[in-house]
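What follows is a short report on a single structure.
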Number of protein chains: 4
Amino acid sequence: MNSFGTLFRVSVFGESHGPSIGVVIDGCPPGITVRPEDFLNDLKRRQSGSRGTTARHEPDLPEILSGIREGTTTGSPLTIITRNSDKRSSDYDLFKSIPRPGHADFTAGVKYSGFADLRGSGHFSGRITWGLVVAGVIGRKICPGIDIVAKLISAGGSEDIENALNKAMEDNDTIGGIIECTVKNPPLALGEPFFYSFESAVSHIVFSIPAIKGIEFGSGFASAAMRGSRNNDPFVDTRGRTASNNAGGINGGITNGNDIIFRVAVKPTSSTGVEQTTMNFSTGKMEKLQVKGRHDTCIALRMPVIIEAVTAITIADLSLIDRGIYGIRE
Amino acid sequence: MNSFGTLFRVSVFGESHGPSIGVVIDGCPPGITVRPEDFLNDLKRRQSGSRGTTARHEPDLPEILSGIREGTTTGSPLTIITRNSDKRSSDYDLFKSIPRPGHADFTAGVKYSGFADLRGSGHFSGRITWGLVVAGVIGRKICPGIDIVAKLISAGGSEDIENALNKAMEDNDTIGGIIECTVKNPPLALGEPFFYSFESAVSHIVFSIPAIKGIEFGSGFASAAMRGSRNNDPFVDTRGRTASNNAGGINGGITNGNDIIFRVAVKPTSSTGVEQTTMNFSTGKMEKLQVKGRHDTCIALRMPVIIEAVTAITIADLSLIDRGIYGIRE
Amino acid sequence: MNSFGTLFRVSVFGESHGPSIGVVIDGCPPGITVRPEDFLNDLKRRQSGSRGTTARHEPDLPEILSGIREGTTTGSPLTIITRNSDKRSSDYDLFKSIPRPGHADFTAGVKYSGFADLRGSGHFSGRITWGLVVAGVIGRKICPGIDIVAKLISAGGSEDIENALNKAMEDNDTIGGIIECTVKNPPLALGEPFFYSFESAVSHIVFSIPAIKGIEFGSGFASAAMRGSRNNDPFVDTRGRTASNNAGGINGGITNGNDIIFRVAVKPTSSTGVEQTTMNFSTGKMEKLQVKGRHDTCIALRMPVIIEAVTAITIADLSLIDRGIYGIRE
Amino acid sequence: MNSFGTLFRVSVFGESHGPSIGVVIDGCPPGITVRPEDFLNDLKRRQSGSRGTTARHEPDLPEILSGIREGTTTGSPLTIITRNSDKRSSDYDLFKSIPRPGHADFTAGVKYSGFADLRGSGHFSGRITWGLVVAGVIGRKICPGIDIVAKLISAGGSEDIENALNKAMEDNDTIGGIIECTVKNPPLALGEPFFYSFESAVSHIVFSIPAIKGIEFGSGFASAAMRGSRNNDPFVDTRGRTASNNAGGINGGITNGNDIIFRVAVKPTSSTGVEQTTMNFSTGKMEKLQVKGRHDTCIALRMPVIIEAVTAITIADLSLIDRGIYGIRE
């Protein structure tokens, strides 16, 4: 269940405070140029340290264990890891008896019968998305010429993101945000009906990312309030360009060649500095809890590169499937 | 790609105007009582004929081909079909040169190189969801005691659904809607991190349903505008009950035992009676198009039972996986 | 678990004495010509009635439920069934308390907690291979120009098959046999290391066929007794032709372009007319059992076409995977 | 394609002369005790250095990257690697133009368009089986109380293995062998009809192991020469014990509770010291080739522990599937 994809298959592993986190990428075509520095820009975008994000500084440099020789993919699985070096596990001991509201402390405890490594949220940590970013870099290389760009378009309900951040930090609180992802120049005809529609594939992997609570394609929830005459996108040329793009570039689960557009909702960081009253499972009594440690004011700030990565992974997988079943398209 | 699920696996097949549509259900435990009449209520809810829906009347009665003997599942795959009897294929000939805006006519034509059976939208028809409803009935039987209820909570942007329907029908236009699904008394600990979170599984199958353009869990997009101190759900007892339910019953991709709540956005029916101006791919010129034939004013009206069905399928699959890996939970 | 294949995916369903048996074929490229008569030759080869096989005469004509329109695949799943018409279920009632030695009566009873439909061996019947033969016909069409031929090369330990059959029939007993399958002009480079080697894929599907108890590729078990200097196949041209073919056309799990050769061992039909002494599970006492009803003297006689079919299915799947990941090969 | 299993899922990665080889194990239940020393015995059995095996000495000690904390599985994926330290890559340069007969040099070159890392046979090396042995140790822990034992029962066609080895070494040649695996006290009812029979699952993973060219269950190929009256195994008690075991403990693809028995054929090591005449693909002329370097006289000597491991992996996966679909059996 820690794998995604049918031909281009990505598996992630690791716990936040275990020895390593990493990713195995299977089904990567041979002969693709991959140098360690290719990962740095995206990993840096994901990394902590920017305003409103936590002060945890990990080098996060990728170490290649397999699948690449002399800067080229060999055709066998790529394994890329990074070591966990900056651990302060003592921050997390309290949460065994007082599971943090909004976190996976409680559910992971039940799911894994108390054996989960919950230090730093363990396998549930946003840190595990490191592997997604690495796989996304490979995914982009498989589908060159496609421009995938995700942006934080609002935070805390405001389009003035800087201001929203400032206010939240003043209150020692956290905020969520909305990210919009646009794929320009996308391949036509990606997506496999019935159960592996483009939306199915993207949403499946997007909801693997911690803190995502919603996704909509094109006009999404707004289209539910539209008339059909308004929501339909008339074609304006014989290549399939449309006058509007309420469909977000997808009809019947298949990409129509127009820009793919979707938005995701990121909830506010659960680890707020504001005092909360919640159950102490050891004592059975309600208690005050104030989460300490290093945490992001707005995790959505770090998410655009992750959203881009999972989109690239999805497009890579769907492209290989499409080529496999239908052959090369003109 | 026409299958969903890991242990409880549902495959759908058929085209709207082909001989039959149907479903194969693999991984269904033996010994479950299934009588033909068990399907009727849900199939009726899905069926056409209600106000604002099309006049197409299909009996849609299930014919059992395999997997059930004397009203009991045998342990081998269930195959259940229904015949397509009420076909008016001539309605659809025009759309080869003028693909309908908002439909899969164009993308299916490209995807399948012109060989797709597009009569009645073929394999892209909402009619294919018949198999989901049938599988959902089985899914519920696997997880007894769970109460899954989906409702249309708004249509055309209004909570006065009747009024919105009337107005749209007056204008010969169509409207979308929003459906909310609640799972009461859900199992605890469903969902497999990292890539098969509860949200991943549900959204994957939900976006297989034609016309769905968005999904959100718990407070969803609204949570993106909240503060963490407001969005977190404090625990109020040692069984994991929470004071609020902004998480929609899911933390870290795993159900926490509180009600599961999600909403989906259904776009307006693409086949509006309002005249549209779109490309004629044969002539390369823009043309007026008025879609005739029998169509729903608001397909969202028929969707609640389908949303319930896919939720039941997902819960059945995740329950079997959970039992397989972790054993019986107390 | 009733599906095989990654892109070209075959699912079978049905019980011997249920309403229908059939097959769903997903991932079949659109635009392939398929007429009902295309199946007849292979289905006839599989059918009962030849010397030494049972007298059960089923028409077994294929009924197409989906995926084919006007003799051409549409790109959506093919579903093809046949009705079970010639049922004599009373033959099988006894075996609930006295499970037949060599049959699945006992294991199916345990596996499915007594709910399995064991009439005619139910889902364990050789009859279920009907769907494999149908899917094999489609598989061959996906990979034209490949010549797959399987032959019974010995029966009852003798290469004089006719004589071996006569002797067994005189004794009212049954015999097994060995089938050799040769793929001439096979594609080069099929097979995905590590876990989806060509041998892994073929053996996986071959061992789904009832009564198969062994498989060997190239020199197989004989190679275990050879020296390396004798077993290696030296290359004799730069296209990869080899002087000998002890490898059966496969090196490192990947086809090398030489003929693919493998052999399978088919056990004797379990339903022998010879009296057996076995346990009566109801009384807990040993009892004499003489299996009546219509049974094959040598089921291996019907198997060549099934072995060809599963080989074609495997080659179709591996070919689509290869094209997907690596693109078109020259 | 580098993964095996449905719930207990094993993925291997690495190339013989790359930085690391390893394994990811997903679907491992939490709470299982795993200490580094648990792997040593099986890894030692697999290791080189015994008579007739190569002199390559790798420490092969396991390094745990994820999934285990304080000696206990956490429920998230286990990743375990070992570093490749003892590399002599220059031995392999020649084989680019003169692919070694019997090796994957030629097919891997074609498959991966020349980009494969073929040093030490790369991803095709027997060295990759290290990860199988590691996963097998975990698999055994999931199914305690089962006794899996594999033995080399003949080599070079002789049951006097020592003598056969001596003779082969005198001739600077190599030999194959036959390994028999017995599972005592196996679970009843493992195996999922139709396509995931016990034999399908075992043979699938067995044929991933380099150099395996055949497998047979129970009497296997010998049963093809038997009469049904002789091959059938009569039941002798109501728990399903049988008087004989020609079926190898499997009826209808499902384990019947008697010992599971199968044999595999291992071809002789391809890297023989005997001079071979084969094609030089660069010059297009036949040439003498003498493979130098460190090689096993009989790789089958090292295989029993690998066969045991893949059997344990298969039983673990089938056990979890069985528990998932059918619940706890008494």
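Order of the sequence lines fixes the chain letters, A, B, ..., with proteins taken first and strands second; residue numbering starts at 1 for each chain.
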A:Phe207 versus B:Val202: any side-chain heavy-atom pair under 4.5 Å?
-> no
Would the A:Tyr196 and B:His204 ring centres measure less than 6.0 Å apart?
-> yes
B:Phe194 ring center near A:Phe13 ring center (under 6.0 Å) = no
Using distance alone, with no hydrogens and no angle criterion, decide if A:Thr107 and B:Asn251 have a side-chain donor and acceptor under 3.5 Å apart.
-> no
Region of A:Ser197 that comes under 4.5 Å of a non-hydrogen atom in chain B | side chain
State whether the side chain of [X] and the backbone N or O of [Y] hold a donor-acceptor pair below 3.5 Å, judged by distance alone.
{"X": "B:Arg227", "Y": "A:Thr272", "answer": "no"}
{"X": "B:Lys213", "Y": "A:Ser223", "answer": "no"}
{"X": "A:Thr238", "Y": "B:Phe281", "answer": "no"}
{"X": "A:Lys267", "Y": "B:Gly228", "answer": "no"}

For the residue pair B:Phe4 and A:Phe195, categorise the inter-ring angle as parallel (less than 30°), tilted (30 to 60°) or perpendicular (more than 60°).
-> tilted
Chain A heavy atoms under 4.5 Å from B:Val264: which part of the residue, side chain, backbone, both or neither?
-> backbone
Can you measure from CG (A:Asn256) to CG (B:Asp105) and round to the nearest 0.5 angstrom?
-> 12.5 Å
Charged N to carboxylate O under 4.0 angstrom, A:Asp322 versus B:Lys111?
-> yes
